[in-house]
Amino acid sequence: MNILVTGGAGFIGSNFVKWLHESAPEVSITNWDALTYSGNLENIKELLKSPRHRFVKGDICDHNLAEELIAKTSMVINFAAESHVDRSIDGPQKFITTNIQGTFNLLESTRKINPKIRFVQVSTDEVYGSLGSTGKFTEETPLAPNSPYSSSKAAADLLVRSYHHTFGMDTITTRCSNNYGAYQFPEKLIPLMIFRAQKNESLPVYGDGKNIRDWIHVLDHSRGVWAAATKGKSGEVYNFGSDNEWENIKIVKELLKILNKPESLITYVKDRPGHDRRYAIDSSKAQTELGWKPEISFEKGLRETVNWYLANTEWLTSVTSGEYQKFFSKWYN
Ligand code: NAD
Ligand code: DAU
């Protein structure tokens, strides 16, 4: 079986392809990634010589490449995206192009070239918007995205839905909560805080620090995507989460404890515009229908993640380019 994975040099995609390569010897992977600022061949260097993994550098908006690669595959799994909310506030255009136009190109090319194959769209819980202090997102929660990032993902989800209903394409959509783990680009909360605390730099906590996210280990998410891809019912949406809600400030304090650094590094900064207050995921459908459940405890996963970043300072240096410095300098320098 040959599967086409897009965005497989980014954080979740690289963890997914490495996990799949090891767990499913019958699967060959074509890994198509544009290597934007968040995609890095360092993330998949173990696979570059494998006969069961082929890396193709390119943009998911490229029609010719889409048709060529989709002709040779029996499943498409689309991880490729612009993924950072703050960047979408800073400059939404790329999010519209990659997340909407890119997904459209993959769907349309699949319809034209290989309409019977399964198309898996890796989406996010952010498409559901923001929760008050109670309740959880289910697959039936209406879409109410609040940022240019989440609205571009919601638009892509709706296109996927329409290709199932109108053209009968075999689609699956997954919606997961916040991932953590190794190889996450250090612009997202957990790696950013580790990176800065290590250097004794201030830790920018947005607003009052009481926004809540539901954290899941990236390998639990990876297993979920594969379970949905192989066992999911055509046209369905599956939520993934770990029942692990944390206020941001509590996560930051926990990281400081693990790193043995002082809380005086914490600095409250101006809030993110339109900042969603709380995410919480009900993943009972995936648990019941796919036999999936999260396996990595947050306590163990977070410690291992911190240790990974401490042991991989060269990776951190190599991915934090000039563009990274430029992006963050407006707030923190
Ligand atoms: P990431 O930013 O780390 O990786 C994105 C990858 O996509 C990079 O390798 C990048 O080079 C590639 N890419 C970007 N634009 C491209 C294009 N036009 N053509 C080809 N490749 C392109 O993101 P991530 O955190 O790994 O997220 C992966 C997917 O999972 C995204 O679709 C995201 O919406 C979704 N997701 C993320 C989370 C999370 O917590 N990070 C949670 C749920 C869902
Ligand atoms: O819920 C899934 C989503 O999780 C994914 O779809 C996105 O791709 C992913 O980026 C993530 O979005 P968030 O906006 O929740 O993640 P981020 O790591 O950017 O922020 C987590 C929380 O921490 C959020 O409430 C904002 C806050 N924060 C973030 C940064 C970067 C800070 O307080 N300070 C910071 O410097």
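For ligands, and for the atoms within them, numbers begin at 1 and follow the listed sequence. What you are looking at is a predicted structure, and each value in this text was computed from that prediction instead of being measured.
By the 4.5 Å heavy-atom criterion applied to side chains, Ile29 and His21 are counted as neighbours.
Ligand 1 places these atoms under 4.0 Å from at least one heavy atom of Asn178: 40 (O). Less than 4.0 angstrom separates some heavy atom of Tyr279 from each of these atoms of ligand 2: 1 (O), 15 (O). Atoms of ligand 2 found under 4.0 Å from any heavy atom of Pro204, numbered from 1 in the order shown, are 32 (C), 33 (O), 34 (N), 35 (C), 36 (O). Every atom of ligand 1 with a heavy atom of Ser83 under 4.0 Å away is listed here by number and element: 1 (P), 2 (O), 23 (O). Of all atoms in ligand 2, numbered sequentially from 1 with element shown, those under 4.0 Å from a heavy atom of Glu187 are 31 (C). Counting atoms of ligand 1 from 1 in the listed order, those under 4.0 Å from a heavy atom of Gly39 are 8 (C), 9 (O), 11 (O). Per-residue contacts place Ser83 under 4.0 angstrom from the following atoms of ligand 2 (heavy atoms of the residue considered): 7 (C), 8 (O), 9 (C), 10 (O). Taking every non-hydrogen atom of Ala9 and a distance limit under 4.0 Å, the qualifying atoms of ligand 1 come out as 9 (O). Heavy-atom proximity to Thr124, at under 4.0 Å, picks out these atoms of ligand 2: 1 (O), 2 (C), 3 (C), 5 (C), 6 (O). Atoms of ligand 2 found under 4.0 Å from any heavy atom of Val205, numbered from 1 in the order shown, are 33 (O).
When the heavy atoms of Cys176, Ser123, Ser14 are ranked by distance to atom 44 (C) of ligand 1, first place goes to Ser123. When Ile12, Asn105, Val56, Ile60 are checked for heavy-atom proximity to atom 41 (N) of ligand 1, Ile12 turns out nearest. Among Tyr268, Trp246, Tyr206, the residue whose heavy atom lies nearest to atom 32 (C) of ligand 2 is Tyr206. Among Ile12, Asp208, Asn211, Asn178, the residue whose heavy atom lies closest to atom 16 (O) of ligand 2 is Asn178. In this comparison of Asp125, Val85, Leu192, the heavy atom closest to atom 36 (O) of ligand 2 sits on Leu192. Of the listed residues (Arg272, His84, Lys188, Arg213), the one carrying the non-hydrogen atom nearest atom 14 (O) of ligand 2 is Arg272.
No part of Cys61 comes within 4.0 Å of ligand 1, judged by heavy-atom distances. When heavy-atom distances to ligand 1 are checked against a 4.0 Å cut-off, Leu35 comes that close only through its backbone atoms N, CA, C and O. Contact annotation: for Arg175 versus ligand 1, there are no heavy atoms closer than 4.0 Å. Residue contacts with ligand 1 for Trp215 are absent, since no atom lies close enough (heavy atoms, distance under 4.0 Å).
Among Tyr180, Trp215, Phe298, the single residue meeting the ring pair (Phe, Tyr, Trp, His ring centres under 6.0 Å) criterion with Trp246 is Phe298. Checked against Asp86 for a salt bridge (charged side-chain N to carboxylate O under 4.0 Å, His left out), the options Arg272, Lys188, Lys270 give a single hit: Arg272.
For Asp59, the salt bridge (Lys or Arg N to Asp or Glu O under 4.0 Å) criterion is met by no residue, not counting sequence neighbours. For Glu46, there are no salt bridge (Lys or Arg N to Asp or Glu O under 4.0 Å) partners, not counting sequence neighbours.
If you check which protein heavy atom lies closest to atom 31 (C) of ligand 1, you get Phe79 O, 3.2 Å. From the protein, the heavy atom lying nearest to atom 5 (C) of ligand 1 is Ala81 O, 3.4 Å.
Listed for the Asn40 side chain is no donor-acceptor partner under 3.5 Å among the backbone atoms of Ser38.
Close N/O approach between Ser38 and ligand 1 is found [any backbone or side-chain N/O within under 3.5 Å]. Between His275 and ligand 2, at least one pair of N/O atoms sits closer than 3.5 Å. Where the criterion is an N or O separation shorter than 3.5 Å, residue side chain and backbone included, Tyr149 meets it with respect to ligand 2.
Ligand 1 is approached by Tyr149 to a heavy-atom distance shorter than 4.0 Å. Distances shorter than 4.0 angstrom do not occur between any heavy atom of Gly102 and any atom of ligand 1.
For the residue pair Thr173/Asp157, the side-chain donor-acceptor check at 3.5 Å is not satisfied. For the 3.5 Å distance criterion, the side chains of Ser234 and Asp170 qualify, holding a donor opposite an acceptor.
In this structure, Leu192 and Pro186 approach most closely via the heavy-atom pair CD1-O, 3.2 Å. Between Ser109 and Ile70 the shortest heavy-atom distance is CB-CD1, 3.7 Å.
Cation-pi geometry between Lys153 and Tyr149 is not satisfied (NZ or CZ under 6.0 Å from the ring centre, within 45° of the ring normal). The cationic atom of Arg87 (NZ for Lys, CZ for Arg) lies less than 6.0 Å from the six-membered ring centre of Tyr37 and within 45° of the ring axis.
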